[in-house]
Amino acid sequence: MAILSKSNVPQFSVDVYQNEYLPEGGREVNAIVTVTATGGGTIGSAVTAPHLFSPGEGPSAAVVLMVDCSGSMDYPPTKMRNARDATAAAIDTLRDGVHFAVVGGTHVAKEVYPGGGGLAVAGDATREEARQALRKLSAGGGTAIGTWLGLADRLLASADVAIRHGILLTDGRNEHESPEDLRAALDACAGRFTCDARGVGTDWEVKEVTGIASALLGSADIVADPAHLAADFTRMMETAMGKEVADVSLRLWTPVGTTVKFVKQVAPTVEELTGRRSESGPRAGDYPLGSWGDESRDYHVCVEVPPAGIGREMLAARVSLVIPQPGGEVRNLGAQGLVRAVWTDDMAASTSINPQVAHYTGQAELAEVIQEGLDLRKEGKMDGATAKLGRAVQLASASGNADTAKLLAKVVDVVDAATGTVRLKAKVEEADEMTLETRSTKTVRVKK
């Protein structure tokens, strides 16, 4: 097995943006941590431990596609056909050598291809066999997504690969198992594979689909028109094929007396990571970041330090990137960033908010007020909904989040974006409301 030359291995970097100055007695330190992976290529080689591959071979990977086959997929009849076509398109996008399987999901999970409790290896022959198997997919039965995830986990675990990924499609609510059963399945799968989730049509529950993607560190989206499924599945699989490093964690070390208030991803989407911490040594904890290709993401770290007098300074936190190894060891990716605290009597310095911190604080609030506003609207509390969605319009406008602003404009009539003055639309298409809710956590980066 050839070891990669350094030029073929994705290189990670960490950049920290903060205002380190605090007033006398100040305690809260905020920083935006930008993590960037570059140099690996779209389908290049893997640094993923313990597997290393020759240039051009690509990382060892396995993908399971979970396709909703419940009875509602027959309404309209074209929906099931679109789902079959989309799954075939995704299989066509697989890189040669990638392990894969297709699961049909109803109130139980069934192996569609290859069967026998294992995975196929992508090549011309297996892709054609999979396409033939997909023709047998038909709609009938209920929906128990936890069983789909459980089968996907078992299939993915059968392959000795570096990167394990799922793609899940549903068109309805998870009505044939309890929320507790789904949560238990997600807890069991977390950290074992990542998963992208898609809702097709408008009869599914947004919080279920986004909750699945969040728990398994994947993306969530709506495909309101089933005719667009194939294009979406192709894009999803292309992204999955570009992942080269699995199981990356952000390691946060803090000194004695310092408390971690929160860690959250803030770009490209808002994702709370605080509760996912696993202890990794004295005063250190790891936060899972999932799989990486050539990309960059931003994280907001907030810590509380012991108060100190003017002129004192301290290291408030050290950020590094690691990959878990067999036997409890870790591989350090060689990227590190420092978060500092300096106490000063310069009021201008200590009260200035770092532009990145201010921007992403606003983006996190934007996601929150959209969710709150839509929930209030569903409850018939129109005054509260108007206030929350008006604030969302104001934040989207100020931050330059044009995509979210366009989605909001389908739910409210904007009178004045700068002040957040809006009126709720009397009639809103269900697909527009669901799209806004599903995509509410998508953020934009700081304006240059």
**Request:** Please check if the side chain of Ser214 supplies one atom and the backbone of Gly211 the other of a donor-acceptor pair under 3.5 Å.
**Result:** no
**Request:** Report yes or no: do Thr269 and Gln265 form a side-chain donor-acceptor pair below 3.5 Å?
**Result:** yes
**Message:** Can you list everything that forms a salt bridge (Lys or Arg N to Asp or Glu O under 4.0 Å) with Glu111? Sequence neighbours excluded, please.
**Reply:** none
**Request:** Taking the side chain as every heavy atom from C-beta outward, state whether Val103 and Lys110 have any pair of such atoms under 4.5 Å apart.
**Result:** no
**Set of residues satisfying side-chain hydrogen bond (donor to acceptor under 3.5 Å, both in side chains) with respect to Ser291, sequence neighbours excluded** = none
**Request:** Answer yes or no: is there an ion pair linking Asp298 with Arg445, defined by an N-O contact shorter than 4.0 Å?
**Result:** yes
**Asked** Side chains of Ser352 and Asn19: donor-acceptor distance under 3.5 Å anywhere?
**Response** no
**Asked** So how far is it from Ser249 OG to Arg276 CZ, rounded to the nearest 0.5 Å?
**Response** 11.5 Å
**Message:** Does any part of the side chain of Lys261, heavy atoms only, come nearer than 4.5 Å to the side chain of Val303, both counted from C-beta?
**Reply:** no
**Request:** Determine whether Val339 and Arg318 make a side-chain contact, defined as any pair of heavy atoms from C-beta on separated by less than 4.5 Å.
**Result:** no
**Residues Asp196 and His165: side-chain donor-acceptor under 3.5 angstrom** = yes
**Prompt:** Judged by atom type as modelled, is there a donor-acceptor pair below 3.5 Å linking the side chain of Ser397 to the main-chain atoms of Val393?
**Reply:** no
**Request:** Sort and list the pairs that fulfil salt bridge (Lys or Arg N to Asp or Glu O under 4.0 Å) and have at least one residue in residues 215-236, not counting sequence neighbours.
**Result:** Arg198-Asp232, Asp221-Arg439, Asp232-Arg235
**Prompt:** Any side-chain heavy atom of Val16 sitting closer than 4.5 Å to one from Ile32?
**Reply:** no
**Request:** For atom NZ of Lys79, decide whether the heavy atoms of other residues, nucleotides or ligands shown that lie under 6.0 angstrom number more than 12.
**Result:** yes
**Prompt:** Would Lys264 and Glu271 pass as an ion pair if we require N to O under 4.0 Å?
**Reply:** no
**Request:** Measure the CD1-CE distance between Ile167 and Met236 for me, rounded to the nearest 0.5 Å.
**Result:** 4.5 Å
**Asked** Short question: side chain of Glu313, backbone of Leu315 - any donor-acceptor pair under 3.5 Å?
**Response** no
**Item:** Residues Thr38 and Thr36: side-chain donor-acceptor under 3.5 angstrom
**Value:** no
Counting only pairs under 3.5 Å, give me each side-chain donor-acceptor contact of residues 414-422, with atom names and distances, residues two or more places apart or in other chains.
from	atom 1	to	atom 2	distance (Å)
Asp416	OD1	Ala418	N	3.1
Asp416	OD2	Thr419	OG1	3.4
Thr419	OG1	Asp416	O	3.4
Thr419	OG1	Thr421	OG1	2.8

**Asked** Are the side chains of Thr258 and Val29 in touch, meaning some heavy atoms are under 4.5 Å apart?
**Response** no
**Asked** Is there side-chain contact between Val35 and Val248, with at least one heavy-atom pair below 4.5 Å?
**Response** no
**Asked** Under 3.5 Å, is there a donor-acceptor pair linking the side chains of Arg423 and Thr386?
**Response** no
**Asked** Taking Asp346 for the side chain and Ala349 for the main chain, is one N or O donor matched with an acceptor at less than 3.5 Å?
**Response** yes
**Prompt:** Below 4.0 angstrom, N of the basic side chain to O of the carboxylate: do Glu433 and Arg377 qualify?
**Reply:** yes
**Message:** Please evaluate residues Leu408 and Leu436 with respect to the criterion side chain to side chain contact (heavy atoms under 4.5 Å, CB included), reporting the C-alpha separation (whole Å), side-chain torsions for both, the decisive distance (0.1 Å), and the verdict.
**Reply:** CA-CA 7 Å; Leu408 281 162; Leu436 174 60; 3.8 Å; yes
**Asked** Thr254 versus Thr259: any side-chain heavy-atom pair under 4.5 Å?
**Response** no
**Taking every non-hydrogen atom, the tightest pair across Val305 and Ala316** = CG1-CB, 3.8 Å
**Asked** Near Glu429 CD, under 6.0 Å, is it more than 12 heavy atoms from other residues, nucleotides or ligands?
**Response** no
**Arg312 NZ/CZ over Trp343 ring centroid, <6.0 Å and within 45° of normal** = no
**Request:** Begin with the C-alpha distance, continue with both residues' side-chain angles, and end with the deciding distance and a verdict on side chain to side chain contact (heavy atoms under 4.5 Å, CB included) for Gln336 and Val14.
**Result:** CA-CA 6 Å; Gln336 179 176 282; Val14 170; 5.9 Å; no
**Lys425 atom NZ, neighbour heavy-atom count above 12 within 6.0 Å** = yes
**Message:** Would you say that Gln371 contacts Lys207 through its side chain, given a criterion of any heavy-atom pair below 4.5 Å between the two side chains?
**Reply:** yes
**Asked** Hey, is CD1 on Ile353 packed in by over 12 heavy atoms from elsewhere, all under 6.0 Å?
**Response** no
**Message:** Tell me whether the rings of Phe12 and Trp292 are parallel (<30°), tilted (30 to 60°) or perpendicular (>60°).
**Reply:** perpendicular
**Short N-O contact, Glu208 and Arg173, less than 4.0 angstrom** = no
**Ring center gap for Phe100 and Tyr113 short of 6.0 angstrom** = yes
Validation: residues 181-190 side-chain donor-acceptor distances under 3.5 Å, sequence neighbours left out:
from	atom 1	to	atom 2	distance (Å)
Asp181	OD2	Ser178	OG	3.3
Arg183	NH1	Asp187	OD1	3.4

**Item:** Heavy-atom pair with the smallest gap, counting every atom of Arg283 and Pro255
**Value:** CD-C, 3.6 Å
**Shortest non-hydrogen separation from Val260 to Arg277 and the atoms involved** = CG2-NH1, 3.9 Å
**Request:** Take atom NZ of Lys406 as the centre, draw a 6.0 Å sphere, and report whether it contains more than 12 heavy atoms from other residues, nucleotides or ligands.
**Result:** no
**Item:** Nearest heavy-atom neighbours spanning Ile370 and Ala392
**Value:** CG1-CB, 3.7 Å
**Check against side chain to side chain contact (heavy atoms under 4.5 Å, CB included), Val112 and Lys136** = CA-CA 8 Å; Val112 175; Lys136 301 174 185 175; over 6 Å; no
**Asked** Do you see a donor-acceptor pair shorter than 3.5 Å between the side chains of Asn174 and Glu205?
**Response** no
**Lys381 NZ: over 12 foreign heavy atoms closer than 6.0 Å** = no
**Request:** Test side chain to side chain contact (heavy atoms under 4.5 Å, CB included) on His300 and Thr361 and set out the steps.
**Result:** CA-CA 8 Å; His300 187 168; Thr361 300; 3.7 Å; yes
**Request:** Kindly compute the distance separating OG1 (Thr93) from CZ (Phe233), expressed to the nearest 0.5 Å.
**Result:** 11.0 Å
**CZ/Phe262: more than 12 non-hydrogen atoms of other groups inside 6.0 Å** = yes
For a quick test of your reading: what N or O donor-acceptor pairs under 3.5 Å do the side chains of residues 140-154 make, sequence neighbours left out?
from	atom 1	to	atom 2	distance (Å)
Thr147	OG1	Ala144	O	2.6
Trp148	NE1	Thr106	O	2.8
Trp148	NE1	Ala144	O	3.2
Asp153	OD1	Arg192	NE	2.8
Asp153	OD1	Arg192	NH2	3.3
Asp153	OD2	Arg192	NE	3.0
Arg154	NH1	Gly150	O	3.4

**Heavy-atom closest pair, residues Ala246 and Ala162** = CB-O, 3.3 Å
**Prompt:** Just by distance, do the side chain of Gln18 and the backbone of Arg340 share a donor-acceptor pair under 3.5 Å?
**Reply:** yes
**Message:** Keeping Arg164 on the side-chain end and Leu156 on the backbone end, is there a donor-acceptor pair under 3.5 Å?
**Reply:** yes
**Prompt:** Under 3.5 Å, is there a donor-acceptor pair between the Thr170 and Asp68 side chains?
**Reply:** yes
